[in-house]
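Here the structure is laid out as structure tokens; the discussion comes afterwards.
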Amino acid sequence: MLGNFSYSNPTKLYFGDDSLKFLNEELPKYGANVMLIYGGGSIKKNGIYAQVLEILSANGKTVFEDPGVMPNPTVEKLYEGCKIAKENSVDLILAVGGGSVCDYAKAVSVSAYCEEDPWDKYYLRMEEVDNKIIPVGCVLTMVGTGSEMNGGAVITNHEQKLKIGHVFGDNVFPKFSILNPVYTFTLPKYQMVAGIYDIMNHITEQYFSGEDDNTSDYLMEGLLKSLIHSSKIAVKNPNDYEARSNIMWIATWALNTLVAKGKTTDWMVHMIGQSVGAYTDATHGMTLSAVSMAYYRYICPYGLPKFKRYAINVWNVNPEDKTDEEIAAEGLERMESWMKEIGLVMNISELGVTEDMIEGIAKGSFVMDGGYKVLEHDEIVNILRNSL
Ligand code: NZQ
Ligand code: ZN
């Protein structure tokens, strides 16, 4: 395990097909004013909205609604939410939705009492919070981001063509999250598989770093195997509770800081994918799948022993009579076949990227230095061209 670190995760989870009732245990801990944040209306169609509202009212809460959080929430929407939160002195923000709704709730929670422009402070200057933070609770309806148990809050600024995630500290993590796998049954298949790949990529972003013998890597291999197994079942039968509940649990553990401990971690697929998102507003998981194979094939020689281990331990490649390069390549081929099998988008042109956007997307991709290769601008351009 590398370095010195601390570990704590303050988010209390309630998991299972009857977990919404635990909202009754959490609500009395907060004041009367609750800001109810949700997306474009899926929770009204599937009945979750009515169930949540009933519990809020039974607990005597005054509800201030902030609907219409779009996938990839924008900075303009953030300013709107801050106004609602501050004007109504809200005591608790309740996010009911997917990663976009949860991320946005966290962004509002740190921005409502921020005296400067939160975009400049938290996203361009990456400063920490030094003002009042409104507590957040989540009822999760879409699985993938891990936002239910982390400090991530990704905001998109279309005018500046930037999509940036600020990973806040554990003072910003949701205080509680309710994870009911049944709520994810109504997700369109496109969103379900995008979420599955988001989970996959959160794990590989953390796995493909370091050369030491690290417990986090063993944990991740287990999570990956369970994810691949359950994803195949869920794609055939989206109402398979066992598979969907496993996927929900894997998503949370893939990005709640545990498996990053003692590692440097990579995150370049996310940096390139987020920049693709800033230009196209495409679904997050698909921006990752569309650039992944070009990226991993490019960095494979720089982290060969880990790619070999990945092929054998995760994809069951038989190493007999093969070179390390052949083993690693076979692992990536198996990964690619699985991606196609579950129905992921495999190139960025399908997401609306055209040749003339490549330079700008590469420029908007922040370069991280924790993986096997610190990328130059031209290398990002090539990866994007190979992803077209
Ligand atoms: O808006 P509604 O009508 O609710 O529809 C949503 C939305 O259109 C729909 N949906 C959600 N639950 C549903 C449902 N439809 C039917 N039934 C349900 N039960 O799904 C669509 C996508 O939802 P969204 O919340 O946008 O998806 P996701 O959870 O993938 O979140 C994406 C956002 O999270 C950020 C992404 O960049 C993106 O902005 N991320 C956050 C991270 C974090 N906090 O750590 C890390 C990730 O890497 C990611 O960057
Ligand atoms: Zn992600």
Side-chain angles (χ1 to χ4, degrees), residues 11 37-49 51 66-75 77-78 95-107 123 136 138-158 162-168 172-174 177 179-206 238-239 244 247-248 251-252 254-257 260 265-278 280-289 291-292:
T11 306
I37 294 181
Y38 55 96
S42 70
I43 64 163
K44 289 203 169 161
K45 280 189 216 130
N46 57 24
I48 301 170
Y49 172 83
Q51 292 170 31
D66 181 11
V69 178
M70 59 296 279
N72 313 318
T74 63
V75 67
K77 179 72 185 162
L78 173 62
V96 185
S100 294
V101 172
C102 299
D103 274 24
Y104 169 80
K106 282 180 261 177
Y123 293 91
V136 171
C138 302
V139 177
L140 195 67
T141 67
M142 150 102 199
V143 169
T145 63
S147 188
E148 66 276 13
M149 204 184 193
N150 70 33
V154 184
I155 295 294
T156 299
N157 186 321
H158 287 295
L162 289 173
K163 179 175 183 185
I164 303 178
H166 188 127
V167 181
F168 291 97
V172 183
F173 284 32
S177 283
L179 311 182
N180 182 340
V182 176
Y183 288 172
T184 68
F185 285 6
T186 55
L187 267 176
K189 198 163 187 181
Y190 188 86
Q191 292 296 338
M192 179 183 77
V193 296
I196 288 170
Y197 191 73
D198 195 18
I199 306 168
M200 174 80 172
N201 194 242
H202 291 159
I203 304 173
T204 53
E205 295 271 32
Q206 297 168 95
N239 289 352
R244 297 302 290 269
I247 294 169
M248 192 169 218
T252 304
L255 198 54
N256 68 0
T257 75
T265 73
D266 181 359
W267 294 108
M268 272 320 292
V269 171
H270 268 67
M271 294 305 109
I272 301 172
Q274 272 175 211
S275 192
V276 168
T280 59
D281 208 27
T283 296
H284 172 65
M286 297 306 190
T287 65
L288 308 174
S289 60
V291 301
S292 277

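Residue numbers run from 1 in the order of the sequence given. Indexing begins at 1, ligand by ligand and atom by atom, following the structure's order.
- Taking 4.0 Å as the cut-off between side-chain N and carboxylate O, D281 and K163 do not count as a salt-bridged pair.
- Taking each heavy atom of T283 and A194 in turn, the nearest pair found is CG2-CB, 3.6 Å.
- For the residue pair W267 and H202, the shortest heavy atom distance occurs at CZ3-CD2, 3.8 Å.
- In terms of the salt bridge (charged side-chain N to carboxylate O under 4.0 Å, His left out) criterion, D103 has no residue partners (sequence neighbours excluded).
- If you put the vertex on the Zn ion (ligand 2), NE2 of H284 and NE2 of H202 sit 170° apart, to the nearest 10°.
- Of all N, O or S atoms in D198, the one lying closest to the Zn ion (ligand 2) is OD1.
- Annotation: ring pair (Phe, Tyr, Trp, His ring centres under 6.0 Å) contacts of Y38 (sequence neighbours excluded): Y49.
- Annotation: side-chain hydrogen bond (donor to acceptor under 3.5 Å, both in side chains) contacts of K106 (sequence neighbours excluded): S147, N150.
- Listed as neighbours of ligand 1 are G39, G40, G41, S42, N46, P71, N72, P73, G98, G99, S100, D103, T141, M142, T145, S147, N150, G152, V154, K163, Y183, T186, L187, P188, Q191, D198, H202, L255, H270, Q274, H284, each bearing a heavy atom under 4.0 Å from the ligand.
- By the 30° and 60° cut-offs, the orientation of the rings of H166 relative to F168 is parallel.
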